[in-house]
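Data first, discussion second: the structure below is written as structure tokens.
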Amino acid sequence: MKNVFEKGIVIVSALLITALAALIIIIPDKEISQKENRTLQQLPTFTLEKLKNGDLTEQTARYLVDQFPFRDSFVSLKAYCELALLKRENNGVIYGKGGVLIPRGEIENERLEANLNSISKLSSAVDRAVVIAPLPRTVDVYKNQLPKAYPYKEEAKIWQKLFSSNAKALDLRDALEVEGSYYKTDHHYTTKGAYITYCALGDILGYTPKSEDFFKKETVANDFCGTAMRTSGFYLAKKDEIKLYRYENDTEYTVIADKKEISLYDFEKLNTVDKYAVFLGGNHARVDISNREQGREKLLIIRDSFADSIAPFLALHYDLTLIDLRYYTDSVKQLIETESIDKVLVLQSITELATAKNISALQMP
Amino acid sequence: MVFSSIEFLYLYMPITLLIYFLIPAKYLTLRNLALLVLSLLFYGWGEPAYIFIMFFSIAVDYICGYLVAKNRETNPKKAKAAMLASVVINLSVLGFFKYLDFIIENLALIPIFSSLKPLGIALPIGISFYTFQTMSYTLDIYLGKAKMQKNIFTFGAYVTMFPQLIAGPIVRYGDVDEQLRYRTHSFTLASSGVLRFICGLAKKVLLANTAGAVYNSLALSVNDNPSILSSWLALIFFSFQIYFDFSGYSDMAIGLGRIMGFEFIENFNYPYISKSITEFWRRWHISLSSWFKEYVYIPLGGNRKGTSRTIINLLVVWFLTGFWHGASWNFIIWGLYFFLLLVIEKFFLSKILQRLPQIVSHIYSLMLIVFGWYIFIACDLSAPFEFLKAMFSAPVASGLSVYELLRNIAFIVVLCVAATPFPHKFYLKIKDKPIAKVIIFAVAIILLLICTAYIVDSSYNPFLYFRF
């Protein structure tokens with residue numbers, strides 16, 4: 001009997017390791033991981049050069065991890081082990097009350113100041129008011145879902161800092177602190193949140209927002225696993241619905257993204273993992289949205305992905321140009337002058353505003 | 001390559017053990033040769049060029065050992081010269097790779113040497129461990145504790161043996177001399193090796209790495225929101241991280257050794273249950289302390305030459321112990337800090353400690369050990385002096401430190417229990433009961449899978465803006 005146990009341990013653990021190792025090879029290699037939104041390492045080729053500089057071993061190591069069998073299940077297993085140890089979070093994502101997944105914010109105070117400074121320099125250079133609409137984080141709107149003793153006060157300091165500066169910034173926190181304004185598995189606001197923001201922007205930009213019944217709500221997905229779910233591995237949490245606020249003629253805009261014609265909604269993206277990309281098809285350096293009407297005011301939006309789902313609302317009132325400073329490399333000042341832009345709106349999450357390195361590009365002459 | 005990686009667990013280890021066990025047990029020399037070749041592969045995985053240091057190390061000590069063995073009886077002077085040659089060469093290799101830049105940087109502070117520039121040589125992984133280990137071969141022959149190894153491949157296997165190559169235990173040649181010539185392989189030994197390995201892997205992956213993550217986030221937060229709780233909690237998590245990391249590694253080495261028929265010495269013996277600093281150093285990194293004791297402290301005369309000489313000998317040993325941990329001033333200070341504590345204990349405090357209630361001497365030891373880790377990490381901190389200030393001045397707690405404490409309460413309990421001998425005692429008590437065997441079996445396999453999950457996840461880096 002004793003020997004059975006001893007042999008058993010040796011043989012079963014050896015078989016388990018061999019089986020998983022064999023599966024790395026047997027299962028066909030995947031090229032990209034949609035869940036993580038990145039390309040996966042392929043079987044590295046052998047060269048003497050790569051052996052010498054250590055690339056070969058590094059690529060082999062990455063290959064084995066990237067192509068590891070049941071990768072997502074292992075990631076999830078880890079997530080729930082952490083939860084079982086009452087750690088309340090995994091990979092920087094909090095498992096909030098009611099299964100809301102809340103990414104912990106990362107903020108750099110010095111960066112925020114520098115970025116606000118760049119924005120005000122642009123404002124004086126083009127002699128137009130630049131409205132800043134910093135969007136709250138999930139942490140800011142789902143405060144009641146945070147675990148006990150969560151140091152929200154320390155994280156909220158960033159807002160005090162923002163509003164104590166001279167920047168013309170809109171405080172959207174109270175308006176957005178309502179149930180359903182943010183996804184529960186993703187860091188973005190929902191279309192409802194975008195609508196609330198659209199209403200709040202009316203005063204400051206000078207338009208009368210359409211009332212809610214102007215729009216026809218359409219649920220296009222009910223199995224959205226957002227970035228918070230994918231980074232944390234909490235796959236058993238409740239998935240999100242994506243609703244669109246449709247209206248008549250919303251398919252008739254001319255939408256040009258990086259010289260290609262697209263439309264406000266890219267329904268193909270609903271078949272991929274990153275379903276939020278249904279709005280304008282995801283990230284582009286520049287998007288122009290206009291309709292056939294002549295003489296509408298022109299609004300420039302310095303965007304991050306939050307701008308994509310509010311664009312259909314704002315398109316009702318303006319011809320829109322959205323630029324993303326991570327990819328747009330020309331001078332913004334010149335763009336404003338050549339396109340005779342009337343109003344400028346910085347519409348980004350507070351996280352982006354306080355961490356992005358490219359906002360200094362606004363100072364380009 | 002580190003043990004807690006997919007490439008080790010699911011590529012190197014299965015292939016290596018397969019090759020090793022395909023060679024019939026009666027050809028032990030051939031198994032040793034396979035171990036040598038495969039260990040070189042293991043070592044060259046990260047930095048192929050450094051294999052040549054291995055060849056050099058093997059050749060030097062093989063020759064020196066040979067000369068010592070040949071001349072020991074007939075010509076002691078020659079034997080001594082060969083022994084010294086080995087020591088000088090090994091320490092030169094270590095000095096070149098590990099300490100040269102430190103020396104240059106400090107010399108450059110003196111005006112006449114100010115033009116000196118550090119060379120920026122990358123430290124070969126594990127060099128501090130294997131130079132000490134290799135030196136012990138020649139030293140043991142010189143001291144008459146081991147016979148010379150005629151077969152250079154078998155000797156090479158000893159020098160390069162992958163289980164303890166990069167993080168110890170520092171196996172002295174005298175301890176494995178017999179096993180290299182003759183050892184048995186059995187399911188009994190292998191199964192205890194497998195369990196030990198999984199236990200070490202779990203310590204490293206589930207405890208050390210996760211404690212390290214908490215330490216990092218807390219240590220970082222001390223910059224913006226300094227507080228007594230955050231700085232001490234950071235240090236406590238570091239204490240757990242370094243212990244479970246290091247002892248987990250030793251467990252894995254010992255486990256792998258057993259699978260291949262070796263029995264290495266224990267390296268840790270629950271150091272955090274110590275009731276004095278003296279006891280701590282008998283329980284912490286045993287193979288290093290005993291190396292210094294055997295080859296430095298005792299040859300210098302130990303405690304047999306009067307009080308002042310004993311203190312000087314201790315000073316030498318603890319200066320070296322500190323410096324061994326890294327080429328930086330804070331490690332030297334760390335070594336001298338323990339020298340001071342040990343001398344104080346040796347000459348009067350230990351008598352007092354014995355009379356105190358256990359809990360008091362326990363708290364005394366832990367506070368000093370944890371503070372010692374502050375010195376140990378000081379050079380890695382972005383603002384070491386602010387950190388020190390935070391440890392002893394208000395505010396008492398920051399929001400983050402309270403949150404981290406609360407969400408890690410269960411984890412801290414696990415860490416504390418795992419640092420005591422109770423789990424092992426419990427295991428010894430139940431292990432022969434049939435039902436317990438099934439449970440141990442299941443727990444081992446589940447732990448292996450959970451460790452795999454943690455390792456796979458650590459590479460899980462969502463990149464949101466890909467292909468740009």
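Order of the sequence lines fixes the chain letters, A, B, ..., with proteins taken first and strands second; residue numbering starts at 1 for each chain.
Contacts between B/L448 and chain A at a heavy-atom distance below 4.5 Å involve the side chain alone, from C-beta outward. Using a 4.5 Å cut-off between heavy atoms, A/I94 contacts chain B through its side chain alone, with no backbone atom that close. Heavy atoms of A/E58 lying under 4.5 Å from chain B are absent altogether. Of the two parts of A/Y150, the backbone and the side chain both hold a non-hydrogen atom closer than 4.5 Å to a non-hydrogen atom of chain B. When heavy atoms are compared at a cutoff of 4.5 Å, B/L11 approaches chain A solely by way of its side chain, counted from C-beta outward. Only the side chain of B/V414 comes within contact range of chain A, judged by heavy atoms closer than 4.5 Å. Interface residue B/A190: backbone and side-chain heavy atoms are both found under 4.5 Å from chain A. Neither the backbone nor the side chain of A/K153 has a heavy atom closer than 4.5 Å to any heavy atom of chain B.
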Check against side-chain hydrogen bond (donor to acceptor under 3.5 Å, both in side chains), A/T351 and A/R137: CA-CA 7 Å; A/T351 320; A/R137 303 155 290 189; 5.1 Å; no
Evaluation steps, ring-ring contact (aromatic ring centres under 6.0 Å, His included), between B/F42 and B/Y12: CA-CA 8 Å; B/F42 173 85; B/Y12 180 85; 5.4 Å; yes
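Checked by atom type and distance alone, the side chain of A/Q42 pairs as donor or acceptor with a backbone atom of A/L40 at under 3.5 Å. Within the 3.5 Å criterion, the main-chain N or O of B/S227 finds no donor-acceptor partner in the side chain of B/S398.
For chain B, the option among A/A79, A/A14, A/A22, A/A21 with the highest count of heavy-atom pairs below 4.5 Å is A/A21. Ranking B/I259, B/V402, B/T452 against chain A, the residue ahead of the rest is B/T452, based on heavy-atom pairs under 4.5 Å. Most heavy-atom pairs under 4.5 Å with chain B, from the set A/F70, A/F68, A/Y152: that is A/F68. Contact tally against chain B (heavy-atom pairs below 4.5 Å) for A/L85, A/L56, A/D274: the top residue is A/L85.
Counting all heavy atoms, side chain and backbone alike, A/F224 lies closest to A/T185 at O-OG1, 3.3 Å.
B/R258 contributes atom CZ, which lies 9.5 Å from atom OG of B/S191 (distance to the nearest 0.5 angstrom).
The distance between the ring centers of B/Y454 and A/F74 does not fall below 6.0 angstrom.
Between B/F197 and B/M13 there is a side-chain heavy-atom pair separated by less than 4.5 Å.
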